[in-house]
Every structure is written in structure tokens, then in C-alpha cells.
S.K.: 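Sharing a structure, written as C-alpha cells. Questions coming.
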4 protein chains.
Amino acid sequence: MTVDSQTRPMRKDAARNRGLLVAAARDVFARRGLEASLDDVARQAGVGVGTAYRHFGNKYDLAAAVMHEVIAGVVADAERACLDPDPWSALVGFLEGMLVLQTTDRGLREVMMGVRDPQSELEVHDQLEKPVSRLLERCREAGALRDDVVMSDVGCVLMMLCQVADVAADHTPDLWRRYLPILLAGLTPDGPPLVGTPLSDEAFRVASASYQTGRVRGARPTDARDRSGEQVAQ
Amino acid sequence: MTVDSQTRPMRKDAARNRGLLVAAARDVFARRGLEASLDDVARQAGVGVGTAYRHFGNKYDLAAAVMHEVIAGVVADAERACLDPDPWSALVGFLEGMLVLQTTDRGLREVMMGVRDPQSELEVHDQLEKPVSRLLERCREAGALRDDVVMSDVGCVLMMLCQVADVAADHTPDLWRRYLPILLAGLTPDGPPLVGTPLSDEAFRVASASYQTGRVRGARPTDARDRSGEQVAQ
Amino acid sequence: MTVDSQTRPMRKDAARNRGLLVAAARDVFARRGLEASLDDVARQAGVGVGTAYRHFGNKYDLAAAVMHEVIAGVVADAERACLDPDPWSALVGFLEGMLVLQTTDRGLREVMMGVRDPQSELEVHDQLEKPVSRLLERCREAGALRDDVVMSDVGCVLMMLCQVADVAADHTPDLWRRYLPILLAGLTPDGPPLVGTPLSDEAFRVASASYQTGRVRGARPTDARDRSGEQVAQ
Amino acid sequence: MTVDSQTRPMRKDAARNRGLLVAAARDVFARRGLEASLDDVARQAGVGVGTAYRHFGNKYDLAAAVMHEVIAGVVADAERACLDPDPWSALVGFLEGMLVLQTTDRGLREVMMGVRDPQSELEVHDQLEKPVSRLLERCREAGALRDDVVMSDVGCVLMMLCQVADVAADHTPDLWRRYLPILLAGLTPDGPPLVGTPLSDEAFRVASASYQTGRVRGARPTDARDRSGEQVAQ
DNA sequence: TATGAATGAGAGTTCATTCAT
DNA sequence: AATGAATGAACTCTCATTCAT
């Protein structure tokens, strides 16, 4: 109530709450996906739901803010990559970094694979555009990248691998590494052999099966069970 | 659960309703994804919800039944492909056919990209396994496919492209054609150039934006908009 | 689940609504039994259903809360009865009081005659145990009660009369008074000896608990599980 | 279709189905109580639900029919009891027999403890009235029964013990034996006088009838009627 | 400004009862 | 007369979002 209202009232608290919320959301979404309730996020953040709405307007905006945080790091990575003397390996490293990130974060995958809000998408895009296109440009100059490759192609490559990572998350989280070379080769003239073991057919079934759990929401009374402590086994 | 087709031939009207239900489900799920409610499906089919439950037991089983129908066609395609004198173009044609199918069907994409129920998934898998692996075998014999390619690789390729198709569904539904050659090349030694136009940056934003519509479930405003004509105001 | 009364004193409006809810539940359950829907209770309380669920988690918990309120009074009665110089008339008065209460409250009868949730049942039991067993002890000392009478016998007596009250509720609400003397006589030294083993206190809890299973219908997702194994082929 | 339609067409089949239904209902209700669905009963009987409705009109009537069957046996018992040279032990034996019956039959207990349909109740009453009142009369003549004991008192005694049996069903099914002597003692000249008016026979019918209202859940019309006056405008 | 209680529109699912076959 | 498919109201419970405190 009575704060020194001279400077900028509450700013510090507000910023702190915002941070707590984003951090909590990142954790909760990472574990349970975007379907987690905002109540849970707020609880974990130690603030009221109302606060979440004051800061983010709706659930998706919060997810976007999480994205924003991640993007900040990713942009830094991209900028660092620009300094690498070998732009191609820098690009590859950048992609790998993002995929590793996504591998452990279900919510991030969901956001990455389908952002809804144009605004936040723009933001992401704008922020990444400069460093990434510079990276691509440098690759092209180095003769490592074909001329017809555009930025969104890189985005699509990422999405595709992300989809693989998502499906295989629980059983073969690194499966994307099997397909990355192929896609990269598609951006250059070379075609490398497939490495690593593929999902066995059995694993594929199980992966596919367990994957969607909780995503086709409401499909089963699973919901409740699903939520309690994230159970696995049976 | 699903009506037993062995013991008895099923009454004519029941069969008709079942057909109506599957057709409606296919349409509704195609447009709005699996999150559409069974009430909506039943309404569109012109039957009561109870009827849906009599035939399918639960929402997911209905989705599986829809899938089943589609798979029947797909399996037929795969078997036809086996007869093609050129196995490689047969494989490519098969993949293209599936993607065309998925391009227009959001629900199918969702099911394809992550089926939840092991049972139906197995069914799909089992049904597809024989014709597809035969196709792969023939490709290998023809020297068109690398030895380390297994069936699940084909599944992953499909998934990846499906993800692209999903994101671009509303604006550049054929975007997957841009990446199919790359992935195919990854299954052979050759690396072809990228063809077609990529998503423009603008298109990418909008596509990404509209994509998720209704997927981040509970995103009410979206739902409502999506359901236009359903509203009741307040 | 039930609002935590330790950490914080609960907001004023919340407390008010909780009170309204319990009052409404008591009234609705009293008139229509536990099968009345939570929607109806909420409507009568003048709050949304969601509020009911915020406070009670599920229908049965609400019933338990209502019970809790009643029990508080009953426990007070029991304690007051302990102070009566004439323990026997105190016991009789206590029983009469409980029956009068139950005569006008169908829901209470249902809860009394078969509580389903072990937890709340325990609570009731625990709370009543001390004052009532003290009352019995004093009766025994006064030579008014046989030695082989245990607490659960009193509970059974209550239940039996409650059943009579239940059946006669609308037409002869006091019918239980006709049989109370008989049962009381059975507890005095003049009565016939009690044969067989009574319900142990533990058994009493479990019996009461498991008894109701599936009766307060819809109260839990028990339903489905309950039915499994019942299906006769197809 | 083509049966010999000379004698009485279908009569045999109909009777057989009726029998199957009652038997199935008895078994299903015995195990799961009256809340079991008619579909389950019909399935177990091996007939369609429609057939059940043709024969019984509604779920409750079927329960009543089950009762009827039981009553037939009980009446026989009662009549046999009348022949016993020792009327008192005959009465006791009769009560014990009924309780043993109820101990293993949850549905029967539910029906016994609250019959809803006046019509069937009447039937029961009428059938039992003669033999039981004769039995009571003989006991009175033998000086074993007090003068103020009426038939409904015996019914109430039965109900009370039935309630005990119900609660203790899973753990101490014979618990009622503990209280039977007490209640019997209450009917002998040694017991305390019965106070108040018993249920008149008429009242007994009506009480029993209205009691169950809304308990055999799903009895739709009742529900609706019951709810009127609940609405709080909007 | 922060809080968290309140809201209420759904969602999935069940089942007594009706009615076309 | 029998069948069992169809119906749809009712029920419990969830959760994004709003709003009084």
C-alpha cells in the first residue's frame, strides 16, 4: 500500500512476479505441456492467478512469454554462432542446440510446433531474423548453403525434427539426430549415410502410443490420473 | 466394444447410423481436429450422442474408427504400389498420396502424428507393415534404397512432412512438397535441389498463427470463433 | 481439498459462500437425499457449481462437510450428556436427540446409515468415540448397562431406528419411538444376553465405509471400475 | 413367426422370457443392488431390453417382480410355519429365514427396506397378511406375544435387522443375530410395552411406497416432479 | 496492484425408456 | 412378441477467465 511512490511504484515487485510466473510456466509446461492449467502455474510461481492475467492477458500469452525467454537465449546463441569462423558448423551447432532444448521441454515443443499468436510470433521472428539470416548469408558465402534456401526453410527443418523429437521423447529422445544429417544434406549437395539405431518397430509403437497421452484432451478419464505427479509405469 | 461384426451382420439402420457417425466424425475432425466434441459430431451426423456411445464406447474409439476407414484405403494404396514395376516411384507415390490425404484433414494429421491408443496404433501398424515393408524390400532390391533404412524411418519421414503440412495447412498446403525430395534423397545417395517457392515470411507468420487454433485447448475465444454459429453470448 | 483452515483464516466472502453451500446442501440433501445433484445444491446456494467444487472437491466431500457440521452438534450433545447426573437418561436423551435430527433429514439418514468415505467416517467415529464411550461407561457403573454392550451396539441401535424413521418419514415420523424402548431394554441387565461378536470398532468403520460404495451414486468415478467384470460376453 | 397359433400363441415363450428376466434380475440385483442397469439384466437374461419393458413397464416393476418371486417362497414358509406346533419358534424361524435370504441379496435388502410401488407392495402385503397374522394370532394364543403387537411391527423388526445386515454385509453378515433376540424379547409379554401407534396397515403401504421415491435412481418422472420448486429463477 | 474466490460453459459419459425393425 | 438401436436429459467435474476484496 504505502510504497515510495516517487520513482516507479511497484515496478520491482511486478517484474519479480513476472519473472516468477515465466519461470514457473516454463517448468510446468516443460513437464506437462501447454495443457497444464494456469492455476497450477500460478501456484508453482507462488502468486495468484489474477496476477498471471494482469501480466499476460491469457494463457497463450504466457506461453509466448516463455517462448520469449527461450528466444532470448537462442538469439544470443545465434549471435555467437555468427562469430564462428566456420559458419556451417555454427549453423549446425545452432540447430542442435535448439533441438536439445526442445527435447527436454514438452511445452516448448508445442509452442515451437505451432505458435498461435501472430504478435508473439512476429516478435520471435523479428528477433531471430537478423542473426539467423546473417548466419545463412555467411554459409552461403562459404559455399555451404544453396542459394534457394530461405529462413523459413530452417524453421521448417527445425519443426520437422521437433516433431520427431516429440514423438520419440520418452523412448529415443535423440532420434532427431538420425534425420538431421539428411535435412542438412538437403541444404547442401551432399548425402551422408544414416547413423545411429532407428526406433525398433516395437519402440515405435509404444512411442506413438504413449506420446499423445494427455494431448487429445478429454479423450479418457486419464486426465486426472495423468496429472497426479506425472505417473509413469502402471 | 466396437460393434461386433462377427456374431451378427448388424441391423440396417444401425449400420447406416454408424456410417453417418463415421462420416460426420471424419468431417468434423478434419475441420476442427480431435478436440471437437462428440456432441458436435453426433449433431452433424443427425443422431443422439447416446448412439455415438453405443457404437464407439468413447471418443477415442470413434477417432480410431475414422482412422480405420482411412487406413483401409491407405493399405489398399500400399498394396497397389507393390505391383508397380518401378518400386521407387511407387514408394514416392504412396507417400505423396498419404500426404495429400493428410493435407486436408486436421484430425487425421493429429492421429497420424501421435496416436494414443496402443491398440488401434498396433492395428494400423500391423496392417501397414506387410505391404510397406514389401515395398521397401523391392526398392532395396532395385538399388534405390539404402540398407539401413527401416520401416519406422518411412514413418518418421511421413510425420515430419505431416508436421510441415499441418503448420502450413491453411496457406501453403503443398509446402511439404518442398521437403519431400530432401528426405527422399536422404534415403538414397542423391541430393536434388529445392523446388517451388518457400513460405514467404508473412505467410509463415500467419500460418503459424492460425495453425494452432483450437489446439492449445481451452483457448476459449478461439474455440468460440471457430465454432461460429454456436455461440450464445452472455 | 477442503479449504485449509490452518494456513489462513479464509476470506470473508469465501467463508460466506462455504456457509451458504453447506446450508443449501443440508437443506437439499435433507429433502431429496444424497442423490440430489451438486448443480441443484449450488443453485439453491446461489453460487456457481465451480464454487462448490472449489470448496469441496467432489460431491461426497460436501456431504461429509454437512455431516461434519451436524456431528459437531452431536458431539456437543454427547459431551453435555456426560455431565448429566443420571447417565442412563442422558444416553436415552442423546439417542432421542439424534433420531429427532435424523427424522427430518433424509440425507443425514443416508449418511448415518452408511457413510462411504473412510476418512470422514473415521472423523465422525473418532469424534464421537470419546464422549459416547464415557457415557456408556458411566451407565455401566450405574448398573444400567450390560457389560457386553459395546459402542458399535449403540451405533447399530441408532441405525435400526433410523431405518424405521426413514421408512416412516413422511407418515409416522415418530414411529421409531415405538421401538426405542425395546432396544434400550435389550441393553439393560434385564434384557436377553447379546450373542455373537459385535462389530469391532475397526470393522464398524470399514463396514460403514465399504457399505455405501456405489450407493451415493455418481459420487466417484468408481462406477466404471465397479462394473468391470460384470459384462457377460457380448 | 410360424408357431402353432391355435392354443395360446407365444404364451410359452413369453412365460419363459419372463422367468429368465426375473431370474437374471434377481442375480444381478443381488450382486450389485438395484442400481444395476436394465441393460445388464436383459443381457444376462439373454433377451433384449425391450422385452423387459414389455413384461414389466419399468425398472421398478421388475424389482417388484423379483420380490414377488421371493415372497412366493416366503409365503410358503409362513404357511408351513403355521403348522408348527410351537408357534413362537415358528415365528422366530420364519424371521431368521427371511434374514438369511436378505443377507446374501443386496437388491432384496434394498427392495425390502423401501418398496416404492404401492401396487406391488399391496400384493406383497396381501399375500403375507393371512399366513403371518395367523402365525401372530397363534403366538398370542400361546401367550408368547403381547396383545399390542401388530403385523407391521413384525415388518419393522425385519427392516431393522435388515439394515444391520446391510451395513455389515461384507464383514459380519450374521450381525443381525446379535439383535434379533432383543427385538423378539420386545414382542413378548416380558418386554416393555409398545408405545405410540404402530403404522396402520394402510400407512405402512403408503409409507413404504412413497419412501423409495427417487431412490431407485433414474426413475425420471419422479426426479422431474421432485425438482420442481428448486429453480431459482435465473 | 495482487489475490484467489467465483463463474459457468462445456466435456465425456451413463442409462431409463421408447420405437423402428 | 421380441429385439436392440436410438434417444437425450442428467450427472460429475474442469478450467480459462473475471472481479470483488
Side-chain angles (χ1 to χ4, degrees), chain A residues 1 3 9-10 13-14 17 35 37-40 42-43 47-54 57-60 217-221 223-224 227, chain B residues 3 8 10-14 17-18 35 37-39 42 47-55 57-59 217-221 223-224 232 234, chain C residues 3 10-14 17-18 35 37-40 42 47-55 57-59 217-221 223-224 227, chain D residues 1 3 9-11 13-14 17 35 37-40 42-43 47-55 57-60 216-221 223-224 227:
Chain A
M1 290 288 164
V3 218
M10 285 285 129
D13 276 35
N17 278 343
E35 83 194 344
S37 79
L38 270 204
D39 274 276
D40 285 340
R43 182 160 35 248
V47 304
V49 227
T51 307
Y53 277 90
R54 166 165 293 276
N58 66 350
K59 185 176 172 175
Y60 186 75
R217 95 122 213 149
R220 285 277 163 85
D223 284 5
R227 191 147 308 127
Chain B
V3 184
R8 264 207 258 173
M10 189 187 306
R11 246 209 261 166
K12 215 172 58 196
D13 57 342
N17 279 339
R18 196 183 195 277
E35 83 194 346
S37 79
L38 269 205
D39 274 279
V47 304
V49 226
T51 304
Y53 278 92
R54 161 171 283 275
H55 282 287
N58 64 292
K59 183 177 170 175
R217 92 129 217 136
R220 283 289 157 66
D223 279 6
V232 188
Q234 199 268 10
Chain C
V3 183
M10 191 188 304
R11 245 208 261 167
K12 215 172 56 196
D13 56 343
N17 278 339
R18 195 182 195 280
E35 84 194 346
S37 79
L38 270 206
D39 273 282
D40 285 338
V47 304
V49 224
T51 304
Y53 278 93
R54 161 173 282 275
H55 283 287
N58 62 288
K59 183 176 170 175
R217 92 126 215 147
R220 284 276 162 86
D223 284 4
R227 194 150 305 132
Chain D
M1 291 288 164
V3 216
M10 286 284 129
R11 219 18 163 253
D13 277 36
N17 280 341
E35 83 195 345
S37 77
L38 270 204
D39 274 277
D40 285 340
R43 182 160 35 245
V47 305
V49 227
T51 306
Y53 277 89
R54 165 166 292 276
H55 282 289
N58 66 349
K59 185 176 171 175
Y60 185 74
V216 172
R217 94 127 212 140
R220 284 291 157 66
D223 280 4
R227 192 150 304 128

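Convention: sequence-line order gives letters A, B, ...; per-chain numbering from 1.
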S.K.: Whole angstroms only, please: what is the CG-P distance between B:N17 and F:dA5?
M.R.: 11 Å

S.K.: Taking only side-chain N and O atoms of A:T51, does any of them lie within less than 4.0 angstrom of OP1 or OP2 on E:dT3?
M.R.: yes

S.K.: Taking the nucleotide of DNA chain E with the nearest heavy atom to each, does D:V49 or A:V49 sit closer to the 5' end?
M.R.: A:V49

S.K.: How would you label the contact of C:D39 with the nucleic acid (heavy atoms, under 4.0 Å): base, sugar-phosphate, or nothing?
M.R.: base

S.K.: Whole Å only: how far is the CG atom of A:L38 from the P atom of E:dA6?
M.R.: 19 Å

S.K.: Mind pulling the stems DNA chain F is in, i.e. runs of at least three Watson-Crick or G-U pairs, everything under 3.5 Å?
M.R.: E:2-21 with F:2-21

S.K.: Could you tell me how far apart A:K59 (NZ) and F:dT18 (P) are, to the nearest whole angstrom?
M.R.: 15 Å

S.K.: Applying a 4.0 Å non-hydrogen cut-off, can you work out what C:V47 is touching in the nucleic acid: base, sugar-phosphate, or nothing?
M.R.: sugar-phosphate

S.K.: Within less than 4.0 Å of OP1 or OP2 of E:dA11, is there a side-chain N or O belonging to B:S37?
M.R.: yes

S.K.: Roughly how many Å is it from NE2 in C:H55 to C1' in E:dA5, rounded to a whole number?
M.R.: 7 Å

S.K.: When the distance from CG of D:N58 to C1' of E:dT18 is rounded to whole Å, what number comes out?
M.R.: 13 Å

S.K.: For nucleotides 19-21 of chain E, give me every protein contact, N/O to N/O, under 3.5 Å, one pair per line with atom names.
M.R.:
none

S.K.: Work out which heavy atom in A:N58 is nearest to a heavy atom in A:Y53; give both atom names and the distance.
M.R.: CA-CE2, 3.8 Å

S.K.: For the NZ atom of D:K59 and the CD atom of D:E35, what is their distance to the nearest 0.5 Å?
M.R.: 7.5 Å

S.K.: Taking all atoms of both residues into account, what is the closest heavy-atom pair of C:N17 and C:V47, and its distance?
M.R.: OD1-CG1, 3.5 Å

S.K.: Mind calculating the distance between CZ (B:R54) and C1' (E:dG12) to the nearest angstrom?
M.R.: 18 Å

S.K.: What's the spacing between A:D40 CG and A:R43 CZ if we round to 0.5 Å?
M.R.: 5.0 Å

